[in-house]
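To find a chain, count down the sequence lines: A is the first, B the second, and so on, and within it residues start at 1. Values in this document were obtained by computation on a predicted structure and should not be read as measured data.
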Amino acid sequence: MIINALAIKLFKEAMKAEKYLTRKGQYAPVLKQGGYWANRLVVMKALANELKLSRYGLVVSKRVGKAVVRNRVKRQLREVLRQTPLKSGWDIVFIARPAAATAKYADIDKMVRGLLSQAQLLAKDNEEACLRLS
RNA sequence: CAAGUAGACCGGGUGGCCGCUCGCUUUUUAAGCGGGAGGAAAGUCCGAGCUCCCCCGGGAAGUAUGGUGUGUACCGCCCAGAGGGGUGACCCUAUGGAAAGUGCCACAGAAACACACCGCCAGCGCCGGCUAUUUAGGUAGCCACUGCCGGCAAGGGUGAAAUGGUGAGGUAAGAGCUCACCAGCGGCCGGGUGACCGGUCGGCUGGGUAAACCCCAUCCGGAGCAAGGCCAAAUAGGGGGACUAAAGGGACGCCCGGCCUGUCCCUGGGUUGGCCGCUUGACCCUGGUGGUAACAUCAGGGCUAGAUAGAUGGUCACCGCUCCAGAACCUGGAGUACAGAACUCGGCUUACAGGUUUACUUGGCCU
RNA sequence: GCCCCCAUCGUCUAGAGGCCUAGGACACCGGCCUUUCAAGCCGGCAACAGCGAUUCGAAUUCGCUUGGGGGCA
């Protein structure tokens, strides 16, 4: 039973690791060595991670706004990434710029997808449609 | 009806699609059902619970509070009292001591603490003028100037502030010197647990500042859930230094005494996982009773977020509200407050579109 | 989440209740000097983060707000 529970927990953690960058140590190499793409709303940095899956992290500094605003920006970014399939094997960090605080969801969606297609990090079947859209 | 005062409450709603997190259940790598931000979650300004540290005592120092009584687990909070403001409902107040001491009070002014510049008045002296008297010298009186020695603190002027205020008497001139009223102080009597209130009598009263030092009274050991505990993993159990009539130990620091310890300090390295703490609590709602009130108590009912880089959402449609434009009661556009739990409570402070409701005050009109 | 600190001309600062209409240095502007520039000399511009309270009087004392900075196992 205990072994079983432990296994489930480890599995859940693996599931989480699939999606998010968490620790400070995971951010540092991406920010330092990763490729750089940016526009008015967000800055994107990406680095190949030698894993079979992709992870992302979000940085929203105090310059963007107060706690309520920062939370909203993070939610909107997360929503965009949830609906966008990523190419596997990359660590990606998104940094929100102050303009993102007043942007609408549709704009953020367009900008993030634009960056990902520039970097060719979208999963293949989605890529062409997005290019056409942008 | 208008203007206003105080309190309580709400803080967008409904539905579709796609998600997140926690709990429970089952046919368990999934599905179903249920819960899922605030009145301030904020600032971290106070007070507690809880946890750890040898919190043993004394002293010095320091912090905070400040009428009094009460309420409360506690408080720097609340209620009642007093003072001030308002026609009023009601509001505001960092509300002990300035005859314990020290300091400061610029400029102005005589003087900012024990003073007298101008001034008013009495006495004496000198010089001058006038009047009366006288032959003259002189004598007497009055007036003005000035000097000396006193009395006074009313008036003038300065200032933020000048030794109770107004009126009458009184006096050489004045002055609580005397009287009336008011303000203040003290005693006595009555009421109240008390702050205090009311009455009465007395003598006559001498600045401000304590959010200046200070005095008095009360309070305070320190740190904070990144507290602290358990499990797993990982790595050197390394290097240097100090030590037995001395060293170290007070979870900020000082002094003294006690007590405890064989170790203590510096440097270097490793782990940055999981679980517990972690949500039922001085809890919330309704009603009764007691109390001037804050609040207490009894009965019934309820369970109301627990994330861990941090969930509580995204989007679409319709409705509500505000503003603008057309227009004529519909249409279009823009917007929809302050703000996001992180151990938990009680307060305080600050931010807040709009709305609901209760009680009360003042004024106007009608019956 | 918790615990602290700071705010004065464009910049660095002085100031400790009245002498502050806030001083100094650098910078900037104008003039003198010089063939010109620099240096030097003379003059000028320019600030108490905001709101309230205490006081006769606040840059200074107290409270709240705003902005900035630092620390933690």
Side-chain angles (χ1 to χ4, degrees):
Chain A
M1 279 298 283
I2 294 169
I3 293 168
N4 195 19
L6 204 78
I8 290 168
K9 260 166 198 165
L10 285 174
F11 181 81
K12 275 189 178 173
E13 243 171 79
M15 288 294 287
K16 191 172 267 178
E18 186 177 5
K19 284 186 169 174
Y20 305 121
L21 294 171
T22 53
R23 295 293 150 200
K24 210 173 179 180
Q26 295 175 323
Y27 276 82
V30 180
L31 292 174
K32 218 171 183 180
Q33 303 161 23
Y36 173 92
W37 296 268
N39 58 29
R40 198 166 56 79
L41 299 180
V42 283
V43 175
M44 185 180 84
K45 292 207 151 209
L47 184 68
N49 64 0
E50 300 176 354
L51 295 172
K52 288 187 176 176
L53 34 83
S54 281
R55 302 178 294 185
Y56 67 86
L58 304 172
V59 176
V60 183
S61 79
K62 265 193 173 171
R63 288 182 59 206
V64 175
K66 297 195 172 187
V68 175
V69 177
R70 294 202 304 272
N71 280 343
R72 196 177 61 234
V73 170
K74 273 193 275 186
R75 284 189 204 118
Q76 288 175 336
L77 283 172
R78 230 180 268 135
E79 183 69 14
V80 170
L81 292 164
R82 189 176 66 80
Q83 294 179 349
T84 312
L86 296 172
K87 200 187 257 183
S88 55
W90 292 83
D91 282 346
I92 311 167
V93 174
F94 295 91
I95 303 165
R97 286 185 157 168
T102 52
K104 289 187 171 182
Y105 174 76
D107 294 332
I108 293 175
D109 185 63
K110 209 195 280 179
M111 292 290 186
V112 170
R113 283 167 183 270
L115 286 179
L116 287 168
S117 68
Q118 269 181 39
Q120 299 183 346
L121 289 173
L122 289 168
K124 285 218 167 166
D125 46 337
N126 211 350
E127 201 168 328
E128 287 178 24
C130 279
L131 276 172
R132 210 174 299 139
L133 207 143
S134 60

*Among A/Val42, A/Val73, A/Leu41, which residue meets the side chain to side chain contact (heavy atoms under 4.5 Å, CB included) test with A/Ile108?*
A/Leu41
*Under the criterion side chain to side chain contact (heavy atoms under 4.5 Å, CB included), which of A/Val59, A/Val93, A/Ile95 is the partner of A/Val43?*
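Single pass found, and it is A/Ile95.
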Just name whichever nucleotide pairs with [N], Watson-Crick or G-U, keeping both distances under 3.5 Å, else none.
N       : answer
B/rU29  : none
B/rC330 : B/rG326
C/rA39  : none
B/rG335 : B/rC321
B/rG36  : B/rC20
B/rG194 : none
B/rA162 : none
B/rA140 : B/rU131

Span that lies between the [atom1] atom of [M] and that of [N], in whole angstrom:
N       : M       : atom1 : answer
B/rG176 : B/rG155 : P     : 9 Å
C/rA46  : C/rA27  : C1'   : 12 Å
B/rA6   : B/rU297 : P     : 32 Å
B/rU205 : B/rU163 : C1'   : 10 Å
B/rC256 : B/rG81  : C1'   : 48 Å

Is the shortest heavy-atom distance from the side chain of [X] to the side chain of [Y] under 4.5 Å?
X       : Y        : value
A/Ile92 : A/Leu81  : no
A/Trp37 : A/Leu116 : no
A/Thr84 : A/Val112 : no

*asked:* Just the rounded figure in Å: distance from C1' of B/rC316 to NZ of A/Lys104.
replied: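 Value for this atom pair: 14 Å.
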*Choosing from B/rA341, B/rA37, B/rG313, which nucleotide comes nearest the side chain of A/Ala67?*
B/rA341
_Go nucleotide by nucleotide along RNA chain B from the 5' end; which of A/Asn71 and A/Tyr105 gets its closest nucleotide reached first?_
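The residue closer to the strand's 5' end, by nearest nucleotide, is A/Tyr105.
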*So, is A/Arg78 close to the B/rG310 phosphate, meaning a side-chain N or O under 4.0 Å from OP1 or OP2?*
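For B/rG310, OP1 or OP2 has a side-chain N or O of A/Arg78 closer than 4.0 Å.
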_Below the 4.0 Å mark, does B/rU312 have OP1 or OP2 next to a side-chain nitrogen or oxygen of A/Arg75?_
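Affirmative; the distance criterion is met.
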*Under a 90° cut-off about 0 for the syn range, is B/rG187 syn or anti?*
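With its glycosidic angle more than 90° from zero, B/rG187 counts as anti.
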